[in-house]
**Q** 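A single structure is presented below for examination.
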Amino acid sequence: MRAIIIAAGRGSRLEHHTDACPKCMVEINGRSILSFQLEAFEANGVDDLHVVRGYLSDKLTVSGATYYENEVWEQNNILHSLFCAEDAFAGPLLTTYSDIVYTPQVVEKLLATTHDIALVVDADWAKTYVGRDDHPVEQAELCEADGEFVTQVGKWVGPEATIGEFIGLAYYSDEGARQLLEIWRDLRANLGDDEPFRHAELFRKAYHADLFNKTIARGVKVGFVQIEGGWREIDTVQDLERLSAQGSV
């Protein structure tokens, strides 16, 4: 099983912790954020690893991985970073943000999906925002759904009708990967980097969620796998300190 890890950014909200290493290499009780993902992947046979690097790329090494460089990581965002690994975008495939930790059980549940495209969505998302002052609810990528399919996902989705928060981990079958890649290539051919795209002011600053919403608008079904906890995002110093004190997800 293949996975693309999007790890190009610095993570400036982790302040001094990223002065000497990329965000995903910041340590929690003696082990890197990324090591939690690698452990969850190994437990589920996900061993074909593709890593998109950018900030301090020489400090990010994963045994056996294939690397892709986002040399303009400061000028773009998650979506463009992901497709630096366009050549690896073939299913079955997982994609993941690199600043999240999750248990092997989360990956196991995702791999059991029957959807061609499936997002991991945390139904217990609100609990993690209690006291999370440096990363308010407004920054959560929430999902709305109709039955078993996502209808929209992003930071603009309110908590009133949400089924949960998209954690940054997704699955694609052969067909799902083909459909998403086709839409991406169409966008690249017809949309300038500095043109608006969905909820992004500039296409080059778009999030993965913007592409999911475009995919849904084109009539492609995007499913979800619902979990209840078992993961955390490490975006701020407060996030890091809270998980360090807690000891596990």
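Note that this is a predicted model, so its numbers are computed, not measured.
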**Q** What's the shortest heavy-atom distance between Ile117 and Thr215, and which atoms?
**A**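 What the structure gives for the nearest pair is CD1-CG2, 4.4 Å.
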
**Q** When the ring centroid of Trp184 is compared with that of Phe197, is the distance short of 6.0 Å?
**A**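 That pair fails the under 6.0 Å test.
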
**Q** Begin with the C-alpha distance, continue with both residues' side-chain angles, and end with the deciding distance and a verdict on salt bridge (Lys or Arg N to Asp or Glu O under 4.0 Å) for Lys155 and Asp210.
**A** CA-CA 10 Å; Lys155 297 178 181 181; Asp210 292 304; over 6 Å; no

**Q** Using modelled atom types only, decide if a donor and an acceptor are shared between the side chain of Thr162 and the backbone of Cys143 within a distance under 3.5 Å.
**A**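 Yes, Thr162 side chain to Cys143 backbone: donor-acceptor pair under 3.5 Å.
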
**Q** Whether Lys23 and Asp235 form a salt bridge (side-chain N of Lys/Arg under 4.0 Å from carboxylate O of Asp/Glu) is what I want to check.
**A**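 Here Asp235 pairs with Lys23 in a salt bridge, since their nearest N and O are under 4.0 Å apart.
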
**Q** Taking Tyr67 as the starting point, is it possible to reach Trp73 by hopping between hydrophobic residues whose side chains are less than 4.5 Å apart?
**A**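 Result: no, two separate clusters.
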
**Q** Quick one, Arg232 with Asp239, criterion side chain to side chain contact (heavy atoms under 4.5 Å, CB included). Give me CA distance, side-chain angles, the key distance, then yes/no.
**A** CA-CA 8 Å; Arg232 286 292 184 272; Asp239 292 337; over 6 Å; no

**Q** Determine, using the 4.5 Å side-chain heavy-atom cutoff (strictly less than), whether Ile78 and Val120 are members of one ILVMFWY cluster.
**A**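 As far as the 4.5 Å side-chain criterion goes, Val120 and Ile78 are connected within one cluster.
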
**Q** When clusters are formed by joining ILVMFWY residues with side-chain heavy atoms under 4.5 Å apart, either directly or through shared neighbours, do Val121 and Val106 land in the same one?
**A**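 Same hydrophobic cluster.
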
**Q** Phe36 versus Val249: any side-chain heavy-atom pair under 4.5 Å?
**A**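 A side-chain contact is absent here, since even the closest heavy-atom pair is not under 4.5 Å.
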
**Q** Hey, are the side chains of Glu233 and His135 touching, using non-hydrogen atoms and a 4.5 Å cut-off?
**A**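 Yes - at least one pair of side-chain heavy atoms lies under 4.5 Å apart.
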
**Q** Checking Arg204 side chain against Gln75 main chain: does a donor-acceptor pair fall under 3.5 Å?
**A**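 Indeed, once roles are kept as given, a pair shorter than 3.5 Å links the two residues.
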
**Q** Is there a donor-acceptor contact under 3.5 Å from the side chain of Gln246 to the main chain of Ser248?
**A**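 Here the side-chain-to-backbone pair exists.
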
**Q** Do any N or O atoms from the side chain of Gln226 and from the backbone of Gly164 form a donor-acceptor pair under 3.5 angstrom?
**A**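 Pair absent, no side-chain N/O of Gln226 close to backbone of Gly164.
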
**Q** What I'd like to find out is whether the side chain of Val51 reaches to under 4.5 Å of the side chain of Leu34, using heavy atoms alone.
**A**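 Of all side-chain heavy-atom pairs linking Leu34 with Val51, none is under 4.5 Å.
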
**Q** Around atom CD of Glu71, are there more than 12 heavy atoms from other residues, nucleotides or ligands closer than 6.0 Å?
**A**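 Open.
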
**Q** Given the side-chain rings of His115 and Phe224, with only the six-membered ring counted for Trp, is the space between their centroids under 6.0 Å?
**A**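 Here the rings of Phe224 and His115 have centres that are no less than 6.0 Å from each other.
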
**Q** Between Glu144 and Ala161 (side chain of the first, backbone of the second, donor and acceptor by atom type, cut-off under 3.5 Å), is there such a pair?
**A**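 Checked: no pair found.
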
**Q** Less than 4.5 Å apart, any side-chain heavy atom of Leu38 and any of Leu49?
**A**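 Side-chain contact under 4.5 Å: yes.
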
**Q** Show me the donor-acceptor pairs, under 3.5 Å and distance only, between side chains in residues 82-97 and residues at least two apart or in other chains.
**A**
| residue | atom | partner | partner atom | Å |
| --- | --- | --- | --- | --- |
| Glu86 | OE2 | Arg185 | NE | 2.6 |
| Glu86 | OE2 | Arg185 | NH2 | 3.2 |
| Thr95 | OG1 | Tyr172 | OH | 2.9 |
| Thr96 | OG1 | Tyr102 | OH | 3.0 |
| Tyr97 | OH | Glu141 | OE1 | 2.8 |

**Q** Looking at every non-hydrogen atom in both residues, tell me the closest pair between Ser81 and Asn76 and how far apart they are.
**A**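 Closest pair (atom of Ser81, atom of Asn76, distance): OG-OD1, 4.1 Å.
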
**Q** Over 60° means perpendicular and under 30° means parallel, so tell me whether His80 and Phe203 are parallel, tilted or perpendicular.
**A**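 The arrangement is perpendicular - the two ring planes meet at more than 60°.
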
**Q** What are the two closest heavy atoms between Glu195 and Gly192, and how far apart are they?
**A**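 For Glu195 versus Gly192, the nearest heavy atoms are OE2-N, 2.7 Å.
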
**Q** Tell me, do Leu187 and Lys214 make a side-chain contact under 4.5 Å, heavy atoms counted?
**A**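 Yes, at least one pair of side-chain atoms sits under 4.5 Å.
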
**Q** State, yes or no, whether a side-chain contact exists between Ser244 and Glu241 at a heavy-atom distance under 4.5 Å.
**A**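 No. Closest side-chain heavy atoms not under 4.5 Å.
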
**Q** Run the numbers on Gln152 and Ile216 for side chain to side chain contact (heavy atoms under 4.5 Å, CB included), then give the verdict.
**A** CA-CA 8 Å; Gln152 62 173 342; Ile216 293 165; 5.8 Å; no

**Q** Enumerate the residue pairs fulfilling salt bridge (Lys or Arg N to Asp or Glu O under 4.0 Å) with a member in residues 216-228, sequence neighbours excluded, ordered by first and then second residue.
**A**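 Applying salt bridge (Lys or Arg N to Asp or Glu O under 4.0 Å) to every pair that reaches into residues 216-228, excluding sequence neighbours, yields Asp186-Arg218.
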
**Q** With a 4.0 Å cut-off, would you call Asp19 and Arg10 a salt bridge?
**A**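 So Asp19 pairs with Arg10 through a salt bridge.
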
**Q** Does Ile100 belong to the same Ile/Leu/Val/Met/Phe/Trp/Tyr cluster as Val225, with side-chain heavy atoms less than 4.5 Å apart forming each link?
**A**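 Same hydrophobic cluster.
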
**Q** Take atom CD in Glu201; do more than 12 heavy atoms of anything else shown fall under 6.0 Å from it?
**A**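 Result for CD/Glu201: open.
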
**Q** Tell me, with the steps shown, if Asp146 and Thr151 meet side-chain hydrogen bond (donor to acceptor under 3.5 Å, both in side chains).
**A** CA-CA 6 Å; Asp146 181 5; Thr151 55; over 6 Å; no

**Q** Apply salt bridge (Lys or Arg N to Asp or Glu O under 4.0 Å) to residues Arg188 and Asp193 and explain how you reach the verdict.
**A** CA-CA 8 Å; Arg188 290 299 290 148; Asp193 281 351; 2.6 Å; yes

**Q** Would a 4.5 Å heavy-atom cut-off, applied to side chains only, mark Arg198 and Trp156 as touching?
**A**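 Heavy-atom side-chain distance check fails, nothing below 4.5 Å.
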
**Q** Ile6 and Ser98: side chain to side chain contact (heavy atoms under 4.5 Å, CB included), yes or no, with the steps?
**A** CA-CA 6 Å; Ile6 311 164; Ser98 65; 5.8 Å; no

**Q** Dump the intermediate steps for side chain to side chain contact (heavy atoms under 4.5 Å, CB included) on Val46 and Leu111, then the final yes or no.
**A** CA-CA 10 Å; Val46 181; Leu111 291 178; 4.3 Å; yes

**Q** Classify the angle between the aromatic ring planes of Trp125 and Tyr129 as parallel (below 30°), tilted (30 to 60°) or perpendicular (above 60°).
**A**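 Rings of Trp125 and Tyr129: perpendicular, over 60°.
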
**Q** Tyr207 and His199: aromatic ring centres closer than 6.0 Å?
**A**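 Judged by ring-centre distance (under 6.0 Å), Tyr207 and His199 do not meet the cut-off.
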
**Q** Do Gln105 and Thr103 have a side chain donor and acceptor closer than 3.5 Å?
**A**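 A pair is found: one side chain offers a donor N or O, the other an acceptor, under 3.5 Å apart.
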
**Q** Less than 4.5 Å apart, side chain to side chain, heavy atoms only: is that true for Leu79 and Asn77?
**A**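 Leu79 does not reach Asn77 side chain to side chain.
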
**Q** Between Phe149 and Leu169, is there shared hydrophobic-cluster membership here, with clusters defined by ILVMFWY side-chain heavy atoms closer than 4.5 Å?
**A**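 No, it is not one cluster - the side chains of Phe149 and Leu169 are not joined through contacts under 4.5 Å.
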
**Q** Would a distance-only check, ignoring hydrogens and angles, find a side-chain to backbone donor-acceptor pair under 3.5 Å from Asn213 to Val153?
**A**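 Yes: the side chain of Asn213 pairs with the backbone of Val153.
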
**Q** Please check if atom CD in Glu42 has more than 12 non-hydrogen atoms from other residues, nucleotides or ligands closer than 6.0 Å.
**A**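 Atom CD in Glu42 is not crowded, with 12 or fewer foreign heavy atoms closer than 6.0 Å.
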
